[in-house]
Amino acid sequence: MPARPETPTAPVRLADYTPPAWRVSDVALEFDLGIDSSEVTAHLTLHGDSDVPLRLDGEGLELLSIAVDGAPLHADRWRQSDVSLEVDGMRDGSVLTTRVRLQPAANTALEGLYLSGSRETGFLLTQCEAEGFRHITFFPDRPDVLARYTVTLRADKARFPVLLAGGNPDGAGELAEGRHWARFVDPHPKPSYLFALVAGRLEKIEHDYVTAEGRAVKLVIWSEANAIDSCHYAMDALVRSMRWDEQAYGRNYDLDVFHVVATHDFNMGAMENKGLNIFNAKYLLADPDTTTDDEYKAVEAVVAHEYFHNWSGNRVTCRDWFQLSLKEGLTVFREQQFSADMNSPPLKRIEDVALLRRAQFPEDAGPLAHPVRPAEYREINNFYTATVYEKGAELVRMLAGRLGSEGFRRGMDRYFAENDGRAATLEDFLGALGAANGIDLMPYLAWYGQSGTPRLRARGRYEAEAHRYTLTLSQHTPPSASQPDKHPVPIPVKLALFDRDGAMLPLHLDGRTHGVETVVVLDTAERSFTFEQIPQAPVPSLLRGFSAPVLIECDYAPAELALLLTHDPDGFNRWEAGQQLAARAFDDCRSGNSQALDAWTGALAQLFGKPDLDAALLADLLTPPGEIELAERQEAVDPSQIHALRQTMQRRLGQAIGAVALEQRYRELAASGPLALDAAGKAGRRLQRRVLELLALIAADAAHALAIGQFRSARGMTDRLTALAVLVRHGADGATDALAEFRQRHADNPLAMDKWFAVQAQIPGEPALARVQALEQDPAFTLKNPNRARALLGTFASSNPSGFHRADGAGYRLLAERLAMLDALNPQIAARLATAFNGWQRLEPVRREAARQALTDLADRPGLSRNLSEIVASVLSR
Ligand code: BES
Ligand code: ZN
C-alpha cells in the first residue's frame, strides 16, 4: 500500500479554482465489510472531455482491479500515484469500476473507514469531510462534484447486524455463510464528503415524524447498547430542530429516514452526512447523572446544527473549501437563533460573544489569523476554525440585521431556491440576499476577505447650548503579515443614549426620529453622527447586541459603565457594560488604583440583592472576562500574574457582596428540591456555582464544607462536577476523596471519565503539570481516543493558562512531545491541540523563549504530518 504522503505540498489557492474536467452523475458502491480488511467496489458514471485524462483522488488504497464499461483496463491506460489515479481516453458516459482494499482497524487517523471501540465489540463507520472519501475509493473528491449514490453493504450478520448508509432504504436480505446485505439509494445528488456508512452491533430508538409538507419520516438514533437510554434528549432536540426549521425558514426534511449514530471515537463534534448524521457521543448522549446543564445545551445545539446543514450545506453545498463558511458560518448562525428561541436570547448571546472573544479574537490577532474566506491553505482540516465558524456566523448576523427579519427570510428563501442542488459561493449568498431586497450587499465581501478584528473607536461631544450630541466613529484594522494594508469594512453600530438617571433618550438623527435605539453604519475610516434635542450629556450604549464583531474602544468613566450595568433593559448590553467595567477593574488591580474596581464591585453588590434579576444573568454578570481574554489586552503576558490578579478582583467582588449574603443565597439555591432540567433549574444551578466559587475565595473553609456537602448529595452531574471543581482547584482537604469517589461511580462511563481528567487538568498554577503527568500514567488514559486526549492535554494546554504557561517551559515541552506522539496516530487531533501555542509571541520574554524553543524543536522533527507541520510553521511565523 502506498505510504501516506506527508511531505509538504504546495498550497491550494482560491484564485486557482477551475471547474472539474470530469463529473460523476451516478455512483454505485459495494462494500464487503470486515474489521481488518474491507473491500470497496465503485462504479462511476463519468462525464467529461475524452481529450483530458481523468484524474481521481485516492490515498492509502490498495487497488485490486480496474475496468471500464465492464472490460479490464490495460495497464498503459492508467497510472496510480500516492494521491491519485489517472486514466486516459475515458469516454463521456462510460462507467469506471475500481475495486480496492482498506484496513479499517489500522486506521488511527479516524478519517475514511475506521473502527470505533474494540475489535470484539466495536463497529465500523466513516468520516469523509473534508477529504476523507479519497481514503475509501478513487473519486473526484471535491465538493463541486455532485452525484447520486447507491450503496450496497455486505457483512457477516452476527458481527454486523446493523448496516446503514445515507439515503432511503432500498432492500436488504440474506447471503450465504451467515452474511447479509442492505442497500440505500440517495435521490439527492451530493458531494462525496457527505457520504457515510455505519456497520455493527447497535441499538436504536425511533420516532415517527411528519413534516409540515406531509412527508412521513422515520427518525432513528443509534448507539451501543449501554448508552441507548441516554439518547432520548437528543431525539427530543432533533424533533424540535425539525419543527423550528420548518417555521423559521420554511425548510422541510427530504428523505424517508433520518439516522443519527453516536460514537466515542470521533475527531470532531458531529457530522452532517446526508440522512446519516454521526455524532461524537459527547454531543449526543445525555442523562442527568452524567451530563451537566451546559452539556445538555451543547447536545441541543449540535443536534440542531447538524440537522440544519441538511439545507445549509447539503441541499446547497459549497463550490470549494474556501467557501466553507457559506455552510458553517450560516449554520452556526441558524443554530444560535434556534438555541436563543429554545432558551433565553440574551443568555445565548452572552455565551456566543464570550466564545468569540475567547476563541476567535486571539486567533485573529496572531500568526494563525486568516480571513473567513481564506485565500490559500495546505491542509483544509486546519481551517475548521473559530474564524470560519464564529466570525462567519457574526457576518451572517450582521447581514440579517441589515435586512431585518422579513427581508432576511425573503433573502434566504431566494438563496435556497436559486442554489438548491448546486455547489455555491459566498457571492451567490450575498447576491441572493441582496437581490431579494433590492440592496447591494457586496461591500460586505470585504469582511470575508480580510483577517484581523477591526478596532472601532468612539468619541462623543456634547454641546450643551445646542442640545446636540455628536458621536464620531472611526475604524482601524491592524496590519497582518499577509495583508499589510487593511481596508475599512461596513460596521453596523446599534446604539442608544442614556440620560444620567438611566433612561433611554429618543433619538433624532438626520432630521428623523428613530425611537430609543437605532443602527448607524460606519462604512468609511471615520464618520460623525449628530443627535439633536439631547437635553443633557448622555451615556452612549454602543454596539448593542454586539452588532458587529469588532473591538470597541470608548473612554467611559467607570460610573458611566456602572450606570449601563445597572440600568440597561437589555440583558446582553448590561453584561457587556459589566465586562468592560471588569476589564478596567482588572487594570486597577494591576496598577493599584481602585476607581473602576470599586464601581464594578459596588454595582454588582447592589444587583446581587435585586430579587427580580434572572439567576443565570446574574451569574454571568458576576463573572469577569476569562484569563485568555484578559491576556489579549496586554503586552508581555504573564499568565500566572493574570490568574492571580483575576482572583484578587473576584475576591474583592466577594467581599463587596459579603460572605453572609453569599452563603445565604447559596443555601436558598441549594434547597430548591429535586433536579429540574428546565430553564429555571439550570439558571439556579448556574448562580449557585458562581456564588460557591466567590465564597471559596473569601471564606474557604465554609465554602469547602458546602462543596463537600453538595458533592455528597448531588442531584445530578452539574452539582457533582461544580463541587468537585471547587474542591480540586483549591486543593481542599476533601478533594482526593471526592476524586476517588467520582472515579469509582463513573468508571464505566467514558464521558464522565473525560470530566474527571479535565477537572484535574484545570488545577491552576505550578501543581498542574505534575498532575497531568501522573494522569498520563493512569490506566484509563490513552492518546488514541480524541476525547480523552483532549480532556487531559487539550484542557491543560488551552483552558489552563496559569498551569500550562510555566516560566520553566516544562508545560511547553510536555505538549510538544505529546504532539509528536499524537501526530503519528492522528494528525488532525495533533494539529488542533498545537494551536494552544498561538499567542506565544506576546508572552513575557522568559516564557516566550521557552515556547519558541519547544516549537522549533517540534518543527525540526522529521516526518511530521501536513496537518501538524502547517500549524507549527504558521504559529512560528512572524
Ligand atoms: N461539518 C462539521 C464537521 C466536520 C468538521 C467534519 C471538520 C470534518 C471536518 C459539522 O457540521 C460541524 O460543524 N461540527 C462542529 C460542531 C458544531 C455544532 C459547531 C464540530 O464538530 O466541532
Ligand atoms: Zn457544521
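One-based numbering, in listed order, for ligands and for the atoms of each. Along the sequence shown, residues carry numbers from 1. Computed from a predicted model, the values in this text were never measured in an experiment.
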For ligand 1, which part of [X] has a heavy atom less than 4.0 Å away: the side chain, the backbone, both, or neither?
X: H305; answer: side chain
X: Y389; answer: side chain
X: E335; answer: neither
X: E272; answer: side chain
X: A270; answer: backbone

Problem - Donor-acceptor side-chain pairing of S312 and Y249 below 3.5 angstrom - result: no
Practice task
Ignoring hydrogens and angles, state whether a donor on the side chain of E870 or N382 is under 3.5 Å from an acceptor on the partner side chain.
Solution key: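 Yes, side-chain donor-acceptor contact under 3.5 Å.
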Handout entry: Proximal candidate to atom 9 (C) of ligand 1 [heavy atom criterion; set E129, Q828, E328, E111]
Key = E129
Practice task
Flag the pair Y149 / F184 as yes when their ring centroid distance falls below 6.0 Å, and as no otherwise.
Solution key: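 Here the rings of F184 and Y149 have centres that are no less than 6.0 Å from each other.
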Practice task
Determine whether D341 and Q337 make a side-chain contact, defined as any pair of heavy atoms from C-beta on separated by less than 4.5 Å.
Solution key: no
Practice task
Check whether any side-chain heavy atom of Y209 lies under 4.5 Å from a side-chain heavy atom of R243, and answer yes or no.
Solution key: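 Y209 reaches R243 side chain to side chain.
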Problem - Element-labelled atoms of ligand 1 that are located less than 4.0 Å from some non-hydrogen atom of K327 - result: 1 (N)
Practice task
Within a distance under 4.0 Å of any heavy atom of G269, pick out the atoms of ligand 1 and give their elements.
Solution key: 20 (C), 21 (O), 22 (O)
Handout entry: Residue H305 atom name (nearest to the Zn ion (ligand 2); N/O/S)
Key =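 This residue's closest N, O or S atom turns out to be NE2.
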Practice task
Using only N, O or S atoms, tell me which atom of E328 is closest to the Zn ion (ligand 2).
Solution key: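 So the atom name we want here is OE1.
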Handout entry: Sub-3.5 Å N/O-N/O distance, Q127 and ligand 1
Key = no
Electrostatic pair [X]-[Y], nearest N-O below 4.0 angstrom:
X: E306; Y: R334; answer: no
X: R319; Y: D428; answer: no
X: K297; Y: D293; answer: no

Handout entry: Protein contact to atom 11 (O) of ligand 1 [nearest heavy atom, distance to 0.1 Å]
Key = E306 OE1, 2.7 Å
